[in-house]
Asker: 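My structure is below; once you've seen it, I'll send some questions.
Note that these values count all heavy atoms, side chains included, but never hydrogens, waters or copies made by symmetry. First listed ligand is number 1; within each ligand, the first listed atom is number 1.
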Amino acid sequence: MKRPIYVTQPSMPPLDEFIPYLEQIWDNRILTNGGPFHQKLEHALCQFLGVKHISLFTNATIALITALQALEIEGEVITTPYSFVATAHSLMWNGISPVFVDIDPTSLNMNPRRIEAAITSKTTAIMPVHCYGHPCEVDQIDQIAQKRGLKVIYDAAHAFGVNCHCGSVLNHGDLSVLSFHATKVFNTFEGGAIVCRDEAMKKHIDNLKNFGFVNEVTVTTAGINGKMNEISAAFGLLQLKTIHDAISRRQRIDGMYREGLAGVNGVRCLPKTDEKTSNYSYFPILVDAKYPMSRDSLYQLLQQHDIHTRRYFYPLISTFPMYRGLPSASAENLPVATQAANQILCLPIYPALSDVDVARIIGIVSSGK
Ligand SMILES: *Cc1c(COP(=O)(O)O)cnc(C)c1O
């Protein structure tokens with residue numbers, strides 16, 4: 001029996017390599033609260049990612065909520081409907097109204113040319129997403145933000161290790177938030193982080209994620225519990241050792257899909273990127289009317305072969321009941337995102353996916369059976 005294939009499978013280093021890390025935790029009995037592995041992982045990630053400061057979190061959703069708190073964002077925030085629902089939920093949890101703007105048809109990232117028309121007197125920030133790890137048009141977004149006095153928080157959940165023209169894409173905007181969830185390129189079971197550029201902000205964020213404690217007896221803000229535990233941090237350190245190989249393997253699979261699907265009528269791949277500007281975290285295809293069956297029929301066909309793809313991002317965030325009443329949530333305001341949501345299909349991509357399985361998936365998509 002063939003094993004089912006999911007859209008992703010977490011990278012798991014050999015268990016015996018993890019045991020020494022666990023023994024250290026058992027020996028020193030420090031399980032959380034910024035212990036030695038937490039500190040080591042922060043340091044290692046700053047170096048690996050090429051960023052100044054990083055604060056580890058229990059997950060990216062709490063990190064997004066905390067990032068908004070750290071910058072005291074309120075009122076309205078301009079964001080994209082084409083993302084995982086946590087992007088907009090982090091705004092809701094802060095009592096902020098999301099204002100959705102449409103995406104670019106080529107990159108599927110927030111269209112910067114739509115931002116200015118969405119700014120009102122209540123707008124305080126922009127929250128774009130580096131969708132599938134492909135960098136947003138960061139220069140344009142930063143420029144608009146500067147001109148209009150807005151903060152920028154990037155949901156960089158997909159953008160681990162991604163660079164743009166001037167080094168890490170995580171150095172753009174005021175803050176960037178990473179996710180280390182099991183389904184992401186780099187995982188700590190559950191986890192996330194906020195990337196920032198100055199020491200004072202890093203201290204402020206560390207303070208916010210630990211209930212607002214600055215010392216044993218002093219609480220300065222209504223903080224939250226967002227700390228990453230030691231087992232997760234240790235797992236991250238171990239996984240970092242093989243991340244280059246993991247991303248190279250993903251790159252190879254990306255190349256196989258592009259070649260294999262190039263001549264398939266009605267299937268479009270997103271523009272090719274290189275190993276600097278991509279981490280190959282997803283392999284999205286757009287299935288249009290020229291394909292012999294609908295996107296959902298292809299999704300089901302693959303499922304019949306025990307290949308479980310995902311329609312990231314369908315449905316659009318703006319269609320969920322807590323958002324669909326917003327004026328910016330209408331399909332007329334979001335035609336490109338609406339079309340992408342109806343055409344998108346993310347094919348399986350992860351280091352342990354074999355060439356044989358990739359070829360099999362290409363065969364099914366090409367033949368429609
Ligand atoms: C995964 C993801 C999140 C949430 O990350 P968690 O670590 O699971 O909380 C937020 N935004 C985007 C775009 C994501 O893909």
Asker: Below 4.0 Å, non-hydrogen atoms only: which portion of T61 touches ligand 1? Side chain, backbone, both or neither.
Answerer: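 T61 to ligand 1: contacts from backbone and side chain alike.
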Asker: Treating Ile, Leu, Val, Met, Phe, Trp and Tyr as nodes and any side-chain heavy-atom pair under 4.5 angstrom as an edge, say whether I96 and V177 lie in one connected cluster.
Answerer: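 Yes, it is one cluster - the side chains of I96 and V177 are joined through contacts under 4.5 Å.
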Asker: Below 4.0 angstrom from a heavy atom of N59, which ligand 1 atoms are there? Numbered from 1 as shown, please.
Answerer: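 By the 4.0 Å cutoff, the relevant atoms are 7 (O), 9 (O).
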Asker: Run the numbers for me: atoms of ligand 1, each under 4.0 Å from some heavy atom of S179, listed by number.
Answerer: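 Those atoms are 1 (C), 5 (O), 6 (P), 7 (O).
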Asker: So which protein heavy atom does atom 15 (O) of ligand 1 come closest to, and at what separation?
Answerer: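 So the nearest neighbour among protein heavy atoms is H158 NE2, 2.7 Å.
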Asker: If you draw the axis of the six-membered ring of Y350, does the NZ or CZ of R250 fall within 45° of it and under 6.0 Å from the ring centre?
Answerer: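 No cation-pi geometry.
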Asker: Relative to the heavy atoms of A60, which atoms of ligand 1 are at a distance of less than 4.0 Å?
Answerer: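 In order of numbering, the contacting atoms are 4 (C), 5 (O), 6 (P), 7 (O), 9 (O).
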Asker: Out of Y132, F180, F313, F84, indicate the one that has the non-hydrogen atom closest to atom 3 (C) of ligand 1.
Answerer: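 Of the listed residues, F84 has the closest heavy atom.
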Asker: Would you tell me whether H89 and Y323 have side-chain atoms, one donor and one acceptor, within less than 3.5 Å of each other?
Answerer: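 Checked: H89/Y323 side chains pair up, N/O donor to acceptor below 3.5 Å.
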Asker: Nearest heavy atom to atom 10 (C) of ligand 1 wins, so pick from T188, V85, D155, I317.
Answerer: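 Nearest option to atom 10 (C) of ligand 1, by heavy atoms: D155.
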Asker: Measure the distance from atom 12 (C) of ligand 1 to every protein heavy atom, then report the residue, atom name and distance (to 0.1 Å) of the closest one.
Answerer: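 For atom 12 (C) of ligand 1, the nearest protein heavy atom comes out as A157 CB, 3.4 Å.
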Asker: Report the distance from atom CZ of F37 to atom CG of N229, rounding to the nearest 0.5 Å.
Answerer: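 Output value for this atom pair is 11.5 Å.
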Asker: Judged by non-hydrogen atoms, does S83 sit under 4.0 Å from ligand 1?
Answerer: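 True for this residue.
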Asker: Heavy atoms only: which of H181, K184, H89 is nearest to atom 1 (C) of ligand 1?
Answerer: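 Among H181, K184, H89, the closest heavy atom to atom 1 (C) of ligand 1 comes from K184.
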Asker: Are E230 and R29 within salt-bridge range, i.e. N to O under 4.0 Å?
Answerer: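 No salt bridge links E230 with R29.
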Asker: Using a 6.0 Å distance limit plus a 45 degree cone around the ring axis, check whether K227 lies over the aromatic ring of F57.
Answerer: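 No cation-pi geometry.
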Asker: Less than 4.0 angstrom from a charged side-chain N to a carboxylate O is my criterion; do D206 and K203 meet it?
Answerer: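 Between K203 and D206 there is no salt bridge, as every charged N stays at least 4.0 Å from the carboxylate O atoms.
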Asker: Looking at ligand 1, does G191 have a heavy atom less than 4.0 Å from it?
Answerer: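 Within the 4.0 Å threshold, so yes.
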Asker: Looking at Y314, is R295 sitting on its ring face, NZ or CZ under 6.0 Å from the six-membered ring centre and within 45 degrees of the normal?
Answerer: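 Yes, a cation-pi geometry holds between R295 and Y314.
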